[in-house]
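In what follows, a structure is listed as structure tokens, so that the remarks can point back to it.
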There are 2 protein chains.
Amino acid sequence: MATNPYPRTRRGAERREQILRAAEAMIGTQGFSAASIADITRHAKTALGTFYIYFSSKEDVFRELVLEMGQLTRAMVTQAVADAPNRLEAERAGLKAFLRFVAERPSLYRIVEEARFIDVEAYKAYFTTFAKAYAAQLREAEAAGELRPGDAEVRAWALMGIAKTLGERYVLWDETADIDHVVNEAYSMIRDGIAP
Amino acid sequence: MATNPYPRTRRGAERREQILRAAEAMIGTQGFSAASIADITRHAKTALGTFYIYFSSKEDVFRELVLEMGQLTRAMVTQAVADAPNRLEAERAGLKAFLRFVAERPSLYRIVEEARFIDVEAYKAYFTTFAKAYAAQLREAEAAGELRPGDAEVRAWALMGIAKTLGERYVLWDETADIDHVVNEAYSMIRDGIAP
DNA sequence: ATAAAACATGAATACTGATTCATATTTCAA
DNA sequence: TTGAAATATGAATCAGTATTCATGTTTTAT
């Protein structure tokens with residue numbers, strides 16, 4: 001159930017990584033149940049049994065992928081937002097970066113969403129961790145007078161909901177969508193609302 | 001693969017409905033793969049084989065549940081929004097009604113979300129159908145001067161994203177959340193944005 | 001160089017659960 | 001009332017695949 005000890009040799013580390021990437025590709029495209037361990041090891045060019053040297057179960061790799069996605073997403077957004085001049089611009093930059101990320105790693109994105117049905121704890125942790133940091137940022141910005149007062153937590157979840165759904169609709173489903181346009185429209189709504 | 005012909009007798013119609021409700025309960029709580037046909041028929045108090053008189057596969061009941069959820073959601077929101085004095089109030093009423101609905105039928109809600117991994121077409125149809133109607137409403141309201149001009153389609157998806165995510169966070173995950181507060185905060189953001 | 005520790009292999013195991021089917025029972029139109 | 005059509009039953013079939021394991025091979029520390 002728990003992750004196996006980390007490999008001691010260079011070869012081991014490489015194999016583990018190969019298998020992890022193969023799992024990302026297979027589970028990310030076919031889904032958790034459709035992707036078999038055999039698929040994964042075939043794609044990783046290793047023997048079936050090798051899988052169990054590095055992971056103790058299918059759920060185990062899956063969990064690791066969700067964790068990985070969490071780190072990647074947070075690092076990426078933090079970076080993308082780093083030099084925004086203010087919170088509103090940070091919102092625009094963050095949304096844009098997120099949509100780009102979904103375009104680059106659609107498999108990882110799908111895996112996080114499927115986590116809801118495979119490993120709820122990992123799923124909740126992913127979003128809750130993100131939401132906490134997000135809400136804290138919003139609170140700071142509000143204190144600095146950069147935002148209209150409001151419940152930072154509710155806002156954080158609402159904003160994550162926008163990003164998730166736009167990512168699914170305009171990135172995963174639609175190869176040809178004009179991402180900049182989508183970002184601008186969403187940003188305008190986030191900034192000023194829809195009231196006339 | 002296709003749905004079996006509709007039952008010809010009263011008894012048949014009742015059995016079918018029993019099985020459908022049992023499938024909702026089992027799949028909605030345990031998830032698609034964890035819920036077995038045996039679970040479903042046990043819960044419906046019928047024999048295992050009876051399932052296949054009314055449905056041709058597990059995917060088949062699942063698809064029907066997604067369709068059903070689509071009809072229910074649309075009917076419910078339409079009704080809830082019917083006598084709002086203007087579009088902005090309709091937004092508030094729609095969001096509130098949706099969250100209530102999630103609280104009442106958490107299983108159906110979970111099923112729709114899982115459809116993404118079981119029957120993508122049904123999943124896309126659910127949201128696309130909803131989004132089309134939603135965007136049309138927004139366009140009308142904009143034409144009537146009730147909304148600031150903007151891309152109605154992007155707005156519709158963004159607003160659905162807010163509803164989905166708040167439903168998950170504050171209804172499914174949190175028994176004690178103050179729904180009215182959440183609705184008010186989200187509504188305020190939707191109406192006026194977060195800019196100071 | 002060499003033995004212990006790591007790692008690699010894939011056939012065999014073990015189990016789950018969807019779907020089928022031959023055999024009753026119930027319903028309903030004529 | 002009656003027999004053809006519908007419906008009900010659950011044991012048996014059948015397929016898929018996660019996980020284990022006994023047997024090699026490679027790496028590393030000394």
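Because the structure is predicted, anything quoted here is derived from the model rather than measured. For the numbers below, each heavy atom of this structure counts, side chains included, while hydrogens, waters and symmetry mates do not.
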As a test of reading the structure: which of dC7(C), dA6(D), dT9(D) is closest to the side chain of I53(B), going by heavy atoms? dT9(D)
Tell me which of Y52(B) and K45(A) sits closer to the 5' end of DNA chain C, going by the nucleotide each one is nearest to. K45(A)
May I have the distance from Y54(A) (atom OH) to dT19(D) (atom P), rounded to whole angstrom? 18 Å
Is it the case that E17(B) and Y54(B) place a side-chain donor and acceptor less than 3.5 Å from each other? no
For dT7(D), take OP1 and OP2 only and decide whether either is under 4.0 Å from a side-chain N or O of T9(B). yes
How do R10(B) and F51(A) order along DNA chain C: which one's closest nucleotide is nearer the 5' end? F51(A)
With a 3.5 Å cut-off and no angle check, do the side chains of S57(B) and D60(B) form a donor-acceptor pair? no
Looking at E14(A), I'd like to know if its CD atom is crowded, meaning that more than 12 non-hydrogen atoms belonging to other residues, nucleotides or ligands lie closer than 6.0 Å. yes
For DNA chain C, the residues among residues 19-43 of chain A that have a non-hydrogen atom under 4.0 Å from it: none
Using the six-membered ring wherever Trp is involved, compare the ring planes of F127(A) and W157(A) and label them parallel, tilted or perpendicular (cut-offs 30° and 60°). tilted
How long is the line joining CD of E14(A) and P of dT27(D), in whole Å? 10 Å
Given T41(B), T50(B), T46(B), the one that forms side-chain contact (heavy atoms from CB on, under 4.5 Å) with Q18(B): T46(B)
Out of dT27(C), dA18(C), dA8(C), which has the shortest distance to the side chain of K58(B)? dA18(C)
May I have the distance from R15(B) (atom CZ) to dT7(D) (atom P), rounded to whole angstrom? 11 Å
Base, sugar-phosphate, or nothing for T50(B), non-hydrogen atoms under 4.0 angstrom? base
Looking only at the side chain of S57(A) (C-beta and beyond, no hydrogens), which of the listed nucleotides dT9(C), dT19(D), dT7(D) gets closest? dT19(D)
Of dA8(D), dT19(D), dC7(C), the nucleotide closest to the side chain of E59(A) is dT19(D)
Please check this pair: side chain of E89(A) against backbone of A84(A), looking for a donor-acceptor N/O pair closer than 3.5 Å. no
Closest to side chain of A47(A), choosing from dG10(C), dT27(C), dT20(C): dG10(C)
d(CG, L48(A); P, dC7(C)) in whole Å: 19 Å
For R100(A), does the CZ atom have more than 12 heavy-atom neighbours from other residues, nucleotides or ligands under 6.0 Å away? no
With the side chain defined as heavy atoms from C-beta on, R8(B) is closest, among dT19(D), dT26(D), dA6(D), to dA6(D)
